[in-house]
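So the structure is just underneath, and the comments pick up after that.
Letters A, B, ... mirror the listed sequences (proteins, then strands); counts begin at 1.
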Amino acid sequence: MPTSWSDSVNKAPTANGIGANSSSQTSTYVPPHLRNRPPSAALASAPVPNAGPTWGNDSYGQGGPAVGPRKDRNGSGSSWNNRNSSWDRGREREANPFQNDADAEPEYGEQESSGINFDAYDDIPVETSGKDVPPPVNTFADIDLGEALNINIRRCKYVKPTPVQRYAMPISLAGRDLMACAQTGSGKTAAFCFPIISGIMTSCQSDQRQSRMQHMAFPQALILSPTRELSIQIHQEAKKFSYQTGVKVVVAYGGSPINVQLRELERGVHILVATPGRLVDLLERARVSLQKIKYLALDEADRMLDMGFEPQIRRIVQQMDMPPPGIRQTLLFSATFPKEIQRLAVDFLSSYVFLAVGRVGSSTDLIVQRVEYVFETDKRSHLMDLLHAQRANGIKQALTLVFVETKKGADSLEHWLCINDFPATSIHGDRTQQEREYALRSFKSGKTPILVATDVAARGLDIPHVSHVVNFDLPNDIDDYVHRIGRTGRAGKSGLATAFFNEKNSSLASPLANLMQESNQEVPAWLSTFGGGGRNRRGGGSGGRFGGRDFRRDNAYNRGGQDFYASNYNTNNNRGYGASGYGSSTVTSAWD
DNA sequence: AAAAAAC
């Protein structure tokens with residue numbers, strides 16, 4: 001029985017074959033946060049287990065020239081490389097987003113280079129449903145994204161599309177609406193950014209003139225996310241993808257000076273990344289119009305449509321000047337997608353494709369999950385024990401993310417840790433935006449290797465090297481738990497998630513036990529003595545706890561009403577749906 | 001009840 005943090009971590013990973021059994025000539029999965037590193041520096045210093053030709057290999061895909069002569073999609077002789085319009089203005093002073101990547105991340109040593117065996121993806125369970133679903137591609141070269149974008153893909157060291165990209169990109173490029181369940185760590189942002197950028201590049205000449213209305217911006221794509229930091233992260237990614245394509249990406253979020261954002265918007269914007277509140281503000285000031293929107297993407301879509309956000313989203317999407325579904329293209333991405341949220345989402349979609357992409361040995365298999373019974377009053381000393389054990393093991397740069405329920409609780413725990421000689425910082429909604437961003441940087445850099453956070457940090461944030469997530473206070477919703485623990489165990493690395501459980505969490509007992517069981521975790525016997533009373537909104541339904549199932553396939557949905565979905569309905573199950581039954585509650589995963 | 005999200 002593992003008694004310490006390091007015991008757990010050491011025995012956990014690789015059992016499922018991920019990262020092991022490399023076949024040397026195949027591609028290696030390159031996790032997002034490693035993709036921009038120079039091929040030589042960090043990697044040459046350490047042995048590379050899956051030493052295939054992929055690291056530092058400039059070609060991508062499964063062969064064929066990376067960037068070939070490209071046919072002009074418009075049929076006209078012109079291309080977006082023509083220098084004749086405002087399209088090109090400002091390209092010279094566009095900062096190189098790839099430049100500082102090497103400095104941005106400190107060295108983390110050998111384990112850095114361990115990759116995930118991409119072969120594991122061959123068995124990935126994928127479900128698509130909807131009418132006439134475009135087939136997946138195998139390489140970036142299989143689709144025509146445009147030369148400038150292809151160059152950036154290479155700069156990002158993306159060798160081969162991840163599963164979600166393989167499926168989502170052709171669907172998006174075909175102009176279809178999409179509801180996709182996918183994991184952030186596997187290239188979700190790119191999956192919706194590439195087709196959007198490509199589409200904007202293709203249409204740019206015809207739609208060139210920025211409006212005559214000087215102070216109104218007319219973005220062609222809108223990407224919404226539930227937190228400021230996630231919007232910032234998406235913006236950073238999107239800027240890399242669109243570098244020197246002429247496609248301008250602007251981010252707008254609250255808590256920082258609006259004038260800066262207004263100025264950016266005035267300089268032209270094709271893709272606007274935003275949080276809902278600030279966007280509403282901009283719309284009310286008539287500084288942004290949505291009438292030119294061709295693409296709408298909701299990241300963490302289930303969060304965006306839950307009770308807290310739904311009114312704002314409806315206002316933005318349905319009550320301003322945005323083109324309706326069928327005219328614009330709508331892309332919804334999330335990991336967890338409860339049926340009731342899927343039902344709401346229908347209002348925003350037109351004849352959409354549903355896509356669920358899992359991967360072999362889902363994230364939760366890489367994460368050792370532990371539940372410990374801890375009285376409310378003992379939580380601090382128990383946390384202290386864990387941290388001391390961690391420190392005793394001398395693990396450098398082991399970042400620990402501690403989730404608490406309330407903002408006040410975050411402040412006081414941070415303070416308590418600091419006075420007890422554990423450098424900690426915190427992030428929550430009562431802190432200033434400056435403080436929030438500083439805290440995140442300080443944590444990422446290892447300067448304060450403990451971050452106490454509310455749910456503001458639960459979703460989407462890609463923080464490399466988080467090796468331990470502590471649910472100091474458990475969330476009420478099992479989905480939130482899944483998102484929280486998904487901050488660790490990323491990129492094929494081991495991770496540990498420790499939960500402090502007591503009577504207050506009774507309602508989570510059974511969904512938590514189920515999730516852990518599905519993830520092949522040891523479930524403590526005492527856990528089943530709780531629960532009973534707790535209702536899990538997904539408990540009775542079919543398909544296990546994972547939201548990755550098209551709710552249109554539920555009989556209940558069609559019962560009574562007209563069976564609008566039955567005809568032309570097609571579902572396409574690719575592998576992994578054997579006797580174990582993907583939809584029959586054996587599925588686990590830390591869909592992110 | 002809490003958290004997030006505009007000024």
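Computed from coordinates, the Asp480(A) CG to dA4(B) C1' distance equals 11 Å when rounded to whole Å. To the nearest angstrom, P of dA2(B) lies 17 Å from CZ of Phe309(A). Remark: P of dA5(B) and CD of Glu229(A) are 7 Å apart, rounded to the nearest angstrom. In this structure, NZ of Lys408(A) is placed 10 Å from P of dA3(B), rounded to the nearest angstrom. Put simply, NE2 on His428(A) is 12 Å from P on dA5(B), counting in whole angstrom units. Residue Asp281(A) contributes atom CG, which lies 5 Å from atom C1' of dA6(B) at whole-angstrom precision. The CD1-P distance, from Ile427(A) to dA3(B), rounds to 14 Å in whole Å. As rounded to whole Å, 13 Å separates atom C1' of dA5(B) from atom CZ of Arg315(A).
Counting non-hydrogen atoms under 4.0 angstrom, Val280(A) reaches nothing in the nucleic acid. When heavy atoms are screened at a 4.0 angstrom cut-off, Gly254(A) is found touching the sugar-phosphate backbone but no base atom. At the heavy-atom level, Arg228(A) lies under 4.0 Å from the strands shown only through sugar-phosphate atoms.
In Tyr373(A), the OH atom is crowded: over 12 heavy atoms of neighbouring residues, nucleotides or ligands sit closer than 6.0 Å.
The ring pair (Phe, Tyr, Trp, His ring centres under 6.0 Å) pairs that include a residue from residues 299-333 of chain A are Phe192(A)-Phe333(A), where partners are two or more places apart or lie in different chains.
Electrostatic pairing of Arg303(A) and Asp479(A) does not count as a salt bridge here, judged by no charged N lying under 4.0 Å from a carboxylate O.
Checking dA6(B), dA2(B), dA5(B) against every side-chain atom of Thr406(A), the shortest atom distance belongs to dA2(B). Of the candidates dA4(B), dA6(B), dA2(B), dA4(B) carries the atom nearest the Thr454(A) side chain, counting heavy atoms from C-beta on. Nearest nucleotide to the Tyr253(A) side chain, out of dA2(B), dA6(B), dA4(B): dA6(B). If you check dA4(B), dA2(B), dA5(B) against the side chain of Gln312(A), the one that comes closest is dA5(B).
The side chain of Lys407(A) contributes an N or O atom lying less than 4.0 Å from OP1 or OP2 of dA4(B). Between Arg436(A) and dA5(B), a side-chain N or O to OP1/OP2 separation shorter than 4.0 Å is present.
With a 4.5 Å cut-off on side-chain heavy atoms, Ile427(A) and Val452(A) do not count as touching.
Looking at Asn476(A), its side chain comes within 3.5 Å of the base of dA1(B) through a donor and an acceptor atom.
Although no hydrogens or angles enter the test, the distance criterion places a donor-acceptor pair under 3.5 Å between the side chain of Ser225(A) and the main chain of Thr227(A).
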